[in-house]
Amino acid sequence: YIFKKPARPVDRVFVHCSASDNPDHDSAAVINDWHKQKGWAGIGYHFFISKNGMLEQGRSLEKTPAAQEGKNTATIAICLHGLAGDKFTEAQFDTLRNLCDQINQAYGGAITFHGHCEVSKKTCPVFDYRAVLDLDPQGKMALKRAAIVPLELAGSDFGDLEALKGSVIVLKRGFKGELVKDVQKALTQLGYFPG
């Protein structure tokens with residue numbers, strides 16, 4: 001997955017945890033079911049990161065999240081599976097850093113990153129997101145111009161994956177061929193690789 005800015009304005013990203021360490025709850029489909037039971041249209045988060053670091057698409061980025069009550073406008077919501085702070089995995093944190101770095105690059109470093117706890121009485125997320133993302137006191141990440149590493153996006157049977165065609169690219173180490181050349185050319189044109 002390579003992040004592509006939505007048409008709607010965005011100036012903040014909020015990080016959440018799912019409040020469960022139950023392996024049976026480790027998917028965006030479960031969160032989708034929970035949120036529908038609350039009477040919502042579906043999953044309130046744009047991204048879900050499982051314990052193994054797999055990234056799943058939730059709500060379409062073109063839609064406002066339902067994740068930070070009263071503070072959803074102009075935001076992106078990311079949820080990591082977990083409840084106990086010591087049970088989050090490095091694979092999750094690697095995926096979170098990669099995704100947030102892509103978002104930060106897409107917005108030229110002008111976006112800020114926050115925990116749900118900053119706008120709620122909840123302790124969500126229960127891990128030190130500021131340290132994981134190396135945030136400054138204003139919630140900004142350093143702007144890196146390193147090559148974007150595509151994230152593998154897991155499939156789902158409930159969301160907006162059909163709407164993502166054209167913006168989702170799943171490549172694995174060792175892939176070769178025309179698709180790889182096309183992606184390299186596109187990334188070079190975007191300035192992520194030297195010409």
Side-chain angles (χ1 to χ4, degrees), residues 1-8 10 12-69 71-73 75-103 106 113-117 119-120 122-127 129 132-133 149-172:
Y1 176 81
I2 297 176
F3 177 81
K4 182 179 176 184
K5 284 169 56 171
R8 67 184 178 89
V10 171
R12 291 163 297 151
V13 173
F14 279 93
V15 179
H16 298 258
C17 63
S18 68
S20 172
D21 282 314
N22 183 333
D24 293 338
H25 299 161
D26 193 8
S27 76
V30 170
I31 305 293
N32 186 59
D33 290 342
W34 288 352
H35 289 182
K36 281 186 172 180
Q37 289 168 14
K38 289 184 175 186
W40 301 354
I43 189 168
Y45 309 113
H46 296 109
F47 298 102
F48 180 84
I49 303 173
S50 63
K51 292 281 190 194
N52 67 5
M54 184 64 69
L55 181 69
E56 292 186 67
Q57 179 77 40
R59 181 171 291 213
S60 167
L61 279 168
E62 294 300 340
K63 295 180 181 175
T64 299
Q68 309 87 221
E69 187 174 358
K71 304 288 183 182
N72 290 306
T73 303
T75 69
I76 291 172
I78 303 168
C79 180
L80 283 74
H81 176 64
L83 172 62
D86 62 347
K87 292 190 177 179
F88 290 89
T89 67
E90 278 307 310
Q92 285 179 295
F93 293 154
D94 286 346
T95 298
L96 178 65
R97 280 188 287 265
N98 187 341
L99 177 60
C100 290
D101 187 49
Q102 289 189 34
I103 294 169
F113 297 84
H114 307 273
H116 185 197
C117 56
V119 294
S120 166
K122 296 181 179 183
T123 56
C124 172
V126 296
F127 60 88
Y129 62 93
V132 170
L133 296 176
V149 178
L151 290 162
E152 186 170 344
L153 185 71
S156 72
D157 57 1
F158 66 89
D160 298 297
L161 291 178
E162 193 65 28
L164 292 172
K165 281 189 177 173
S167 64
V168 175
I169 302 168
V170 178
L171 296 176
K172 294 186 179 181

Review point. Can you name the residues that form a side-chain hydrogen bond (donor to acceptor under 3.5 Å, both in side chains) with Y129, not counting sequence neighbours?
Key: E118

Check your understanding: Atom CZ of R59 and atom CD1 of I31: how far apart are they, to the nearest 0.5 Å?
Key -> 13.0 Å

Practice item. May I ask you to decide if G53's main-chain N or O and Q92's side chain share a donor-acceptor pair within less than 3.5 Å? Key: no

Practice item. Look at R97 together with E90 and state whether they make a salt bridge at an N to O cut-off of under 4.0 Å. Key: yes

**Study point:** Aromatic ring proximity F14/Y45, centre distance under 6.0 Å
**Key:** no

Review point. So how far is it from F93 CZ to C100 SG, rounded to the nearest 0.5 Å?
Key: 12.0 Å

Review point. Would you say T123 and C117 make side-chain contact, with heavy atoms under 4.5 Å?
Key: no

Exercise for review: List the atom of S20, the atom of W34, and the distance in Å for their closest heavy-atom pair.
Suggested key: CB-CH2, 4.1 Å

Review point. Got F127 and D86 here, is their nearest side-chain heavy-atom distance under 4.5 Å?
Key: no

Review point. Under 3.5 Å, is there a donor-acceptor pair between the side chain of N32 and the main chain of G42?
Key: no

Exercise for review: State yes or no: are the ring centers of F88 and H81 separated by less than 6.0 Å?
Suggested key: no

Practice item. Answer yes or no: is there a side-chain heavy-atom contact under 4.5 Å between T64 and T75? Key: no

Check your understanding: With a 4.5 Å heavy-atom cut-off, do I76 and F47 have their side chains touching?
Key -> yes

**Study point:** H16: side-chain hydrogen bond (donor to acceptor under 3.5 Å, both in side chains) partners, not counting sequence neighbours
**Key:** Q68, H116

Exercise for review: Measure the shortest side-chain to side-chain distance between P6 and V10 over non-hydrogen atoms and say whether it is less than 4.5 angstrom.
Suggested key: yes

**Study point:** Spacing of CD belonging to E69 relative to NZ belonging to K122, to within rounding of 0.5 Å
**Key:** 8.5 Å

**Study point:** Smallest separation among heavy atoms of K71 and V119, with atom names
**Key:** CG-CB, 3.8 Å

Point to revise | Side chain H46, main chain K63, donor-acceptor under 3.5 Å | key: yes

Review point. Taking side chain as C-beta onward, heavy atoms only, is L99 less than 4.5 Å from L96?
Key: no

Practice item. Only counting residues at least two apart or in another chain, list the ones meeting side chain to side chain contact (heavy atoms under 4.5 Å, CB included) with D21. Key: K51, L83, A84, K87

Check your understanding: So which heavy atom on S18 is nearest to which on C79, and how close?
Key -> N-SG, 3.6 Å

Point to revise | Contact check, side chains of Q102 and I2, non-hydrogen atoms, under 4.5 Å | key: yes

Study note, to complete from the structure: In terms of heavy-atom contacts, L61 and R8 come closest through O-NE, 2.6 Å

Review point. With sequence neighbours left out, what residues match F48 under ring-ring contact (aromatic ring centres under 6.0 Å, His included)?
Key: none

Review point. side-chain hydrogen bond (donor to acceptor under 3.5 Å, both in side chains) with T95: which residues, sequence neighbours excluded?
Key: none

Review point. Are S50 and N52 close enough that a side-chain donor and a side-chain acceptor fall under 3.5 Å?
Key: yes

Exercise for review: Evaluate side chain to side chain contact (heavy atoms under 4.5 Å, CB included) for D24 paired with V30, printing each intermediate quantity in order.
Suggested key: CA-CA 8 Å; D24 293 338; V30 170; over 6 Å; no

Exercise for review: Mind listing the closest non-hydrogen atom pair of G115 and P125 along with its distance?
Suggested key: CA-CD, 3.7 Å

Exercise for review: To the nearest 0.5 angstrom, please state how far the CD1 atom of I103 sits from the CZ atom of F3.
Suggested key: 5.0 Å

Exercise for review: State, without any angle test, whether Q37 and D33 hold a side-chain donor-acceptor pair at a distance under 3.5 Å.
Suggested key: no

**Study point:** Minimum-distance pair of heavy atoms, taken over all atoms of C17 and C124
**Key:** N-SG, 3.2 Å

Exercise for review: Please name all residues satisfying side-chain hydrogen bond (donor to acceptor under 3.5 Å, both in side chains) with D26, sequence neighbours left out, ordered by chain then number.
Suggested key: none

